[in-house]
Amino acid sequence: MAETMSVKEAARLWDLSERRVSSFCKEGKIEGAFKNKHAWRIPVDAQKPLDQRVKNGTYIKSNRPVNLPLPIGVSDYRLASDEYYYVDKTMMIKDFIDERAMVSLYTRPRRFGKTLNMDMLRTFFEKTDTDTSIYFKDKMIWSCGKQYRNYQGKYPVIFITFKDVKKDSWEETFQRIKQLITIEYKRHTELASSTVIQDRDYYEKIISGNLEPALFDSSLYMLSKMLHEHHDTAPIIIIDEYDIPIQQGHMRGYYDQVILFMRNLFSGGLKDNKHLSYGFLTGILRVAKESVFSGLNNLAIHSVLDNKYSAYFGFTADEVKEMAAYYGISEKYDEICEWYDGYRFGETEIFNPWSVINYFNNRCEPRAFWQSTGSNDIIGEIIVEADNDIYTKLAELVNGKSFVTNIDTGVIYPQIKNNPSTIYSFLLVAGYLKVIKTVPAFNGDFLCEVALPNKEISFVYNKEILQKLERMLPQATTISIQEAIFTGNAEKLQSLIQELLLQAVSCFDTAQEHFYHGFMLGICTLFNNAYVTSNRESGNGRYDIQLMPKSSHLPGILIELKAEKHCDKEALKKLSEAALKQINEKAYDTELVNKGVKTIFKYGVAFSGKNAEITLG
């Protein structure tokens, strides 16, 4: 390897700041510069760069701004890497070539760079009429040696993304999938005039739109066969976001139909296909082999729990620090961590890339950018199907706590209803939980300690939970309560909590225990930013609900709930008084008093059927 120098040494040699030299490396303005672990290495004979980009080893003039724009919504690798600030993920290519698995599946949450990475693979491997090596010569993969560069531009590629296949019926979904497959056939214009493909009739029918629907599930296999015949090189097949139609099928009632079609489509293209060089798939869920990838024994799965490829989807801490330095806002790093860090893929700490670039683009004003990028129906469905144990654990999550649970990365959508314990597996792979600690379980799954990743995801939970519990916690009341907390209006808060309790308990009849846990979850969500909620021991017993204020100007709150059937108004009043008496006699306020809380609201709440009574203390 040629002799190299560090960023510090180059900065001294060229009379520049280290930060400026790092930026030049990042922007590809120093020929031959590469990253060794976390540090840039620069050839000792490299020339001091000007403010232009490197192309084919020569410096060319550019009209680009000093700071490149951020690639918001850009999934075209050529465009992203050439015209925008691009975080170099090309070492993923090296890792794949070293491994060369026949078919690789990468599962990550939405908006974590899956489509951009797949387009990067397509651009690198695809045989085209133009020289696409220019998009890699200033990237890390190019400095890895000729044995890797030899793969560039050598394969025909089939590329299909299902990321926008979000239809309400199987008929609409099938029509859209047919359209995408036909577009990919048409993209390979070399087949139109090929004299060597053997299935000319199939090709003509699919191009003209006359192929019988029953034959479409063999379309991947047939296209790979034709490309192999024409190029004398078996193609690479890339299927991006393969499970979006499957998720839609689950939510809209056509799951069995979409699973059957996908199983046949993928089996033909990826299972024992002699016309395949390599296959790549991305999705959110792994989906159990028996449901989609039946018999596909050559599948290498890389989930959020695996170390391989863990740094390539999302931004690492070093990448975010480098980006912050490039845009001159390094002081914002801690705020970025609070809002968008917290994911852990394998052993790698990961930031949400979509939210980070939107944060920079939004003048560093933190918001829950990720929640608007897709449906959060999965949380809503979980809340609807939740039992008391799930309510309790969701309450722990929104309270900032963690717990240990079994995680099966091969979970399938119908299991949400059939096996409620699978919900944490869904939440983890979909990006709504982070793993703190992992140990293998005896059954091949994992035991994981899980928690909410960051502030952004906390906002997503709060919004979805409050929407699903709106019947119990009316929006007008919850907004007024939040306003009272924000302004520190204790008198108004006391009145509103009484109103909330009356409205909530009147919604339920005999399901007192279910109500209790649902109400507890709603309270945790509603008061999340101002209070720490709990139902543990204090004084001489265990209270039902305590709200410990995070700010000294807010009151502490204790709520004791009691329920009996067939109570008249007088009996109900006595029951609520007994609840308040229990708070006082058992000194439930001990923890609040010891924490220095000066004002404490105490509520004895009794309900029977749809009637409720509250006694204040």
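Note that these values count all heavy atoms, side chains included, but never hydrogens, waters or copies made by symmetry.
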Review point. Do S425 and D408 pass the side chain to side chain donor-acceptor pair (under 3.5 Å) test, and can you show the C-alpha distance, the side-chain angles, and the key distance before you say yes or no?
Key: CA-CA 6 Å; S425 301; D408 173 14; 5.9 Å; no
Exercise for review: Apply side-chain contact (heavy atoms from CB on, under 4.5 Å) to the pair N352 and E456, showing each step before the final yes or no.
Suggested key: CA-CA 10 Å; N352 183 320; E456 178 178 45; 3.9 Å; yes
Exercise for review: Begin with the C-alpha distance, continue with both residues' side-chain angles, and end with the deciding distance and a verdict on side chain to side chain donor-acceptor pair (under 3.5 Å) for Y588 and Q582.
Suggested key: CA-CA 8 Å; Y588 287 163; Q582 182 175 323; 3.0 Å; yes
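Separation of the F351 and W339 ring centroids does not fall under the 6.0 Å cut-off. Ring-centre distance between Y432 and W370: below the 6.0 Å cut-off. Aromatic rings from Y424 and F403 are positioned such that their centres are separated by under 6.0 Å.
Heavy atoms only, all atoms of each residue included: I284 and A430 are closest at CG2-CA, 3.8 Å. Nearest heavy atoms, N454 versus D341: ND2-O, 2.7 Å.
Here K332 does not pair with E338 in a salt bridge; the nearest charged N to carboxylate O distance is not below 4.0 Å. Under 4.0 Å is where a charged nitrogen must lie from a carboxylate oxygen, and between K89 and E319 at least one such pair does. A salt bridge links E570 with K574: the distance from a Lys NZ or Arg NE/NH1/NH2 to an Asp or Glu carboxylate oxygen falls below 4.0 Å. Ion pairing between E564 and K562 fails under the 4.0 Å rule for side-chain N and carboxylate O. K602 and D589 are joined by a salt bridge, as a carboxylate oxygen and a charged side-chain nitrogen come within less than 4.0 angstrom of each other.
Under a 3.5 Å cut-off, the side chain of S402 and the backbone N or O of A451 do not form any donor-acceptor pair. Using modelled atom types, no side-chain atom of D243 and backbone atom of G283 make a donor-acceptor pair closer than 3.5 Å. Within the 3.5 Å criterion, the main-chain N or O of A587 finds a donor-acceptor partner in the side chain of T590. Looking only at distances, no side-chain donor or acceptor of K437 sits under 3.5 Å from a matching main-chain atom of L447. A side-chain donor-acceptor contact under 3.5 Å links T282 to the backbone of E241.
Ring planes of F112 and Y343: perpendicular class, angle over 60° (limits at 30 and 60°). Note: Y327 and Y85 have tilted aromatic rings, judged against thresholds of 30 and 60 degrees for the angle between ring planes.
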Cut-off 3.5 Å, no hydrogens considered: what does the side-chain donor-acceptor table look like for residues 306-313, sequence neighbours left out?
from, atom 1, to, atom 2, distance (Å)
D306, OD2, S303, N, 2.8
D306, OD2, S303, OG, 3.3
N307, OD1, E347, N, 2.7
K308, NZ, E99, OE2, 2.9
Y309, OH, F96, N, 3.4
Y309, OH, E99, OE1, 2.8
S310, OG, N307, O, 2.9
S310, OG, T348, OG1, 2.6
Y312, OH, M91, O, 3.3
Y312, OH, D95, OD2, 2.7

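Among residues two or more places apart in sequence or in another chain, the ring pair (Phe, Tyr, Trp, His ring centres under 6.0 Å) test is passed with Y359 by Y340.
Side-chain atoms of T615 and S576 include a donor-acceptor pair closer than 3.5 Å.
Counting heavy-atom neighbours within 6.0 Å of E331 CD, excluding the residue itself, gives a total above 12.
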